[in-house]
2 protein chains.
Amino acid sequence: MKREPKPTLKTLALETGLAVTTVSRALKGAPEIAKGTRDRVQRAAKAIGYVPDRAAQRLRTGRTNVISFLLEPHDEMLSFGTMMIAGIMESLENTSFHLVVTPQFEKSDPLGTVDNIIRNRLADGVIFCRTTPLDIRVRMLLEADYPFICHGRTELATPHPFVDFDNFEFALDAATRLARQGCKKLALLNARQPFTFSQHLMHGFMTAVRESGVSHVLPENVSIDSAPEAVRDTAMTCIREQGVDGFVCAGESSAMAVIAAVSDCGLRVNEDIGMVAKQTTPLFGQIRPQIDTIYEDLTAAGRQLGTLLLRRIEGAPVSELQRLEHGEHRYRD
Amino acid sequence: MKREPKPTLKTLALETGLAVTTVSRALKGAPEIAKGTRDRVQRAAKAIGYVPDRAAQRLRTGRTNVISFLLEPHDEMLSFGTMMIAGIMESLENTSFHLVVTPQFEKSDPLGTVDNIIRNRLADGVIFCRTTPLDIRVRMLLEADYPFICHGRTELATPHPFVDFDNFEFALDAATRLARQGCKKLALLNARQPFTFSQHLMHGFMTAVRESGVSHVLPENVSIDSAPEAVRDTAMTCIREQGVDGFVCAGESSAMAVIAAVSDCGLRVNEDIGMVAKQTTPLFGQIRPQIDTIYEDLTAAGRQLGTLLLRRIEGAPVSELQRLEHGEHRYRD
DNA sequence: TTGCAAATCTGAAACGTTACAAATATGGTA
DNA sequence: TACCATATTTGTAACGTTTCAGATTTGCAA
């Protein structure tokens with residue numbers, strides 16, 4: 001690998017006849033460096049294309065200029081990761097931060113992953129998703145006073161930065177709409193138990209059920225993380241054996257499975273069986289028959305997560321770093 | 001942020017009564033360190049949870065222990081990124097490498113991104129996708145003799161590592177199948193021109209068309225990157241005005257758009273209009289009506305990319321670092 | 001002219017690691 | 001016992017940056 005020596009502060013010092021220290025300070029615009037010198041150094045730096053060495057900076061200052069994003073690679077929603085990442089990247093543009101994606105296989109203890117980051121100062125801040133009510137990662141990071149932000153809320157007493165989607169509202173609106181459409185028995189295809197947002201979904205769903213007086217079913221063996229085949233089978237059982245005529249789907253994947261189930265039952269979506277699903281990709285608007293959806297913008301969420309985390313790193317108070325986003329109705333009519 | 005001082009080589013040296021140098025070499029199992037000493041040091045390291053400081057190593061050795069993955073965040077196939085990343089991560093497990101995702105907005109010059117990586121040695125190796133026949137990134141990296149691997153091939157004279165999917169074969173098989181099913185006029189929903197694999201697709205498609213004597217259409221205003229609405233409109237035009245009765249879809253998103261188009265024309269997929277699509281997510285198996293697909297395993301591709309790149313970094317010859325993967329037929333019968 | 005504060009600039013040390021040359025210990029042979 | 005080769009360990013320097021304390025220069029009042 002060819003390597004013409006990279007320009008360093010020393011190069012610049014030689015070039016300008018100044019001391020390394022002076023060059024360093026001039027580049028970051030320190031006020032005790034004469035204006036003329038500052039300009040001269042900065043011009044020289046631009047000219048030879050100087051960029052500070054991250055490793056050296058990191059070694060010296062302890063700042064890594066890295067944001068670590070914990071990703072469960074086999075997430076049910078494949079597009080989830082990319083959209084989040086796209087958003088985070090946008091928020092990091094024009095900063096010196098790099099985005100490191102750290103695998104967090106669910107079975108392998110999240111503890112180890114986070115502990116590793118904390119103890120070896122692998123990042124200046126951490127972002128993660130799929131938050132649980134008593135999330136161990138949140139507890140560890142709070143304990144270490146390490147900057148982080150998560151997608152989803154916890155039930156912990158200590159407030160912490162988060163970005164969440166209002167899943168209560170989503171499920172409430174969705175179920176209410178189905179009831180208004182005349183559905184008599186609703187099913188909720190929920191997220192997996194451990195995640196906080198599954199409780200929000202459930203709560204919203206049950207509130208609507210109660211308010212509108214319809215009956216309901218909560219399939220237990222299956223979640224939006226389950227294999228689509230399993231979801232489809234469960235949905236068919238709901239339809240055939242339990243008289244369900246309306247589904248609230250918390251994910252696109254399970255929505256497709258429900259559509260498949262309806263079709264495989266010889267019934268028609270919307271006509272015979274009502275559906276409202278959460279939509280997170282534009283793609284889903286092309287599904288036929290079209291269904292009512294409520295849109296969650298994950299790229300925007302990623303952008304928020306990144307932006308707020310940067311603020312957190314700069315020391316902003318937690319109270320300014322909490323966001324609850326709302327869904328956008330995309331109903332057919 | 002609480003910081004109990006991280007154990008370093010010095011800590012270990014004090015603890016064991018050895019010199020820092022000795023500790024360093026003992027930890028990497030250098031043969032000139034007495035067996036007993038090595039064991040002692042390694043045990044001590046384990047005990048206090050010593051992990052070498054990445055910044056210091058990087059500064060000293062020039063090795064970054066970083067793989068940079070160039071990602072176009074607004075890719076047409078949202079799941080693409082996550083699946084690739086999942087694969088790359090798997091290949092990096094149990095190595096000291098971290099995965100840095102570097103944004104590569106298509107309009108913003110890829111030149112800058114790659115040049116930055118090369119000049120500032122931001123990574124030990126680079127992975128990217130959406131390769132073009134005369135890909136500028138490939139040329140720059142070859143020129144700099146910088147380790148990299150790409151998803152897709154080029155037409156450059158210098159051989160280089162790659163992992164590609166046999167899109168020629170895919171399009172050939174898909175079109176042939178449609179012709180056998182009795183379709184008379186086929187359309188190819190291709191990738192965008194600039195990418196090498198669009199030529200492979202075209203070539204495979206045309207070969208099948210020629211061999212089976214059917215007629216064909218190559219919609220030009222639209223690609224698998226286009227908005228689904230545009231694809232759908234084009235597909236409807238194909239069906240209504242050009243008599244197309246079979247589609248080869250190079251992507252899931254456009255496949256859904258075609259299904260929508262067929263449905264919106266009041267026709268039935270498979271019965272009236274034949275389709276074969278490339279499938280890259282399990283989700284797509286739930287689409288109704290079911291359609292014939294050929295499966296491309298992107299996670300496996302990511303795994304390959306990572307593994308081969310690591311070999312490249314270790315100096316393996318290019319000839320061992322080229323792979324062409326084949327699709328897996330998922331036909332309905 | 002002298003003195004002194006303010007304005008600029010500089011040198012040395014340190015972050016944690018590895019490479020190199022050199023020092024010491026060990027064992028065996030003359 | 002003296003000596004040398006081998007085995008093992010050590011000290012120093014360097015990677016590129018920032019920080020700290022200190023050095024030099026400048027301008028101006030006395």
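Throughout, protein chains are lettered first and strands after them, A, B, ... in sequence-line order, and every chain is numbered starting at 1.
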Check your understanding: Between Lys28(B) and dT18(C), is there a side-chain N or O to OP1/OP2 distance below 4.0 Å?
Key -> yes
Exercise for review: For Lys10(B) and dG11(D), give me the distance from atom NZ to atom P, rounded to whole Å.
Suggested key: 13 Å
Which pairs would a plain distance check flag for residues 150-158 of chain A, meaning a side-chain donor or acceptor within less than 3.5 Å of a matching protein atom at least two apart in sequence or in another chain?
| residue | atom | partner | partner atom | Å |
| --- | --- | --- | --- | --- |
| Arg153(A) | NE | Asp164(A) | OD2 | 2.8 |
| Arg153(A) | NH2 | Asp164(A) | OD2 | 3.3 |
| Thr154(A) | OG1 | Leu156(A) | N | 3.2 |
| Thr154(A) | OG1 | His160(A) | NE2 | 2.9 |

**Study point:** Atom-to-atom span, CG of Leu14(A) to P of dT10(C) - whole angstrom
**Key:** 12 Å
Revision key, fill the gap. Looking only at heavy atoms, the pair that brings Arg303(A) and Ser91(A) closest together is O-CB, 3.5 Å
Review point. Which of the following nucleotides, dC9(C), dT9(D), dG16(D), is nearest to the side chain of Leu59(A)?
Key: dG16(D)
Practice item. Specify the separation, in whole Å, of atom CZ of Arg25(B) and atom C1' of dA7(D). Key: 13 Å
Review point. For dT18(C), does OP1 or OP2 lie under 4.0 Å from any side-chain N or O of Thr61(B)?
Key: no
Study note, to complete from the structure: Of Ala56(B) and Lys35(B), the one whose closest nucleotide on DNA chain D sits nearer the 5' end is Lys35(B)
Practice item. Just compare dC9(C), dT17(D), dT17(C) and give me whichever is closest to any side-chain atom of Tyr50(A). Key: dT17(D)
Review point. Atom CZ of Arg54(B) to atom P of dT18(C): distance rounded to whole Å?
Key: 13 Å
Exercise for review: Tell me which nucleotide among dT17(D), dT10(C), dT10(D) gets nearest to the side chain of Val20(A).
Suggested key: dT17(D)
**Study point:** Side-chain donor-acceptor pair present, Thr82(A), Thr82(B), cut-off under 3.5 Å
**Key:** yes
Practice item. Pick base, sugar-phosphate or nothing for Thr8(A), based on heavy-atom distances below 4.0 Å to the nucleic acid. Key: sugar-phosphate
Check your understanding: Could Asp39(A) and Lys35(A) be called an ion pair, given the rule that one side-chain N must be under 4.0 Å from one carboxylate O?
Key -> yes
Review point. Can you check the Lys6(B) NZ to dG16(C) P distance for me, whole Å?
Key: 7 Å
Exercise for review: Starting from P on dC15(C), measure out to CG on Asn65(A) and report it in whole angstrom.
Suggested key: 20 Å
**Study point:** DNA chain C: 5'-proximal contact among Asp53(B) and Arg38(A) (nearest heavy atom)
**Key:** Arg38(A)
Review point. Which value, rounded to the nearest 0.5 Å, describes the distance between Thr132(A) atom OG1 and Arg192(A) atom CZ?
Key: 11.0 Å
Exercise for review: Using a cut-off of strictly less than 4.0 Å, decide whether Thr21(B) has a side-chain nitrogen or oxygen near OP1 or OP2 of dT10(D).
Suggested key: no
Practice item. Would you please confirm or rule out a distance under 4.0 Å between OP1 or OP2 of dG16(C) and any side-chain N or O of Gln57(B)? Key: no
Exercise for review: Rounded off to whole Å, could you give me the CD-to-P distance for the Glu32(A) and dT19(D) pair?
Suggested key: 11 Å
Exercise for review: Applying side chain to side chain donor-acceptor pair (under 3.5 Å) between Ser68(B) and each of Asp124(B), Thr113(B), Asn116(B), Thr102(B), report the one that passes.
Suggested key: Thr102(B)
Exercise for review: Could you tell me whether Ile33(A) contacts a base, only the sugar-phosphate backbone, or nothing, with contacts defined as non-hydrogen atoms closer than 4.0 Å?
Suggested key: sugar-phosphate
Revision key, fill the gap. In whole angstroms, the gap separating C1' of dT10(C) from CG of Leu9(A) amounts to 14 Å
Review point. Starting at the 5' end of DNA chain D, which residue's closest nucleotide do you reach first, Arg60(B) or Ala19(B)?
Key: Ala19(B)
Point to revise | Closest nucleotide among dT8(D), dC9(C), dT10(D) to the Thr22(A) side chain | key: dC9(C)
**Study point:** Rounded distance [0.5 Å steps], OG1 in Thr131(A) versus CZ in Phe197(A)
**Key:** 9.5 Å
Review point. Hey, mind stepping through Gln104(A) and Arg130(A) against side-chain hydrogen bond (donor to acceptor under 3.5 Å, both in side chains) and telling me if it holds?
Key: CA-CA 11 Å; Gln104(A) 165 125 69; Arg130(A) 317 189 116 218; over 6 Å; no
Review point. Bend angle of the helix from dT1(C)-dA30(D) to dA30(C)-dT1(D) from five-pair axes at both ends, rounded to 10°?
Key: 80°
Check your understanding: Heavy atoms under 4.0 Å, any strand shown: does Ser24(A) hit a base, just sugar-phosphate, or nothing?
Key -> base
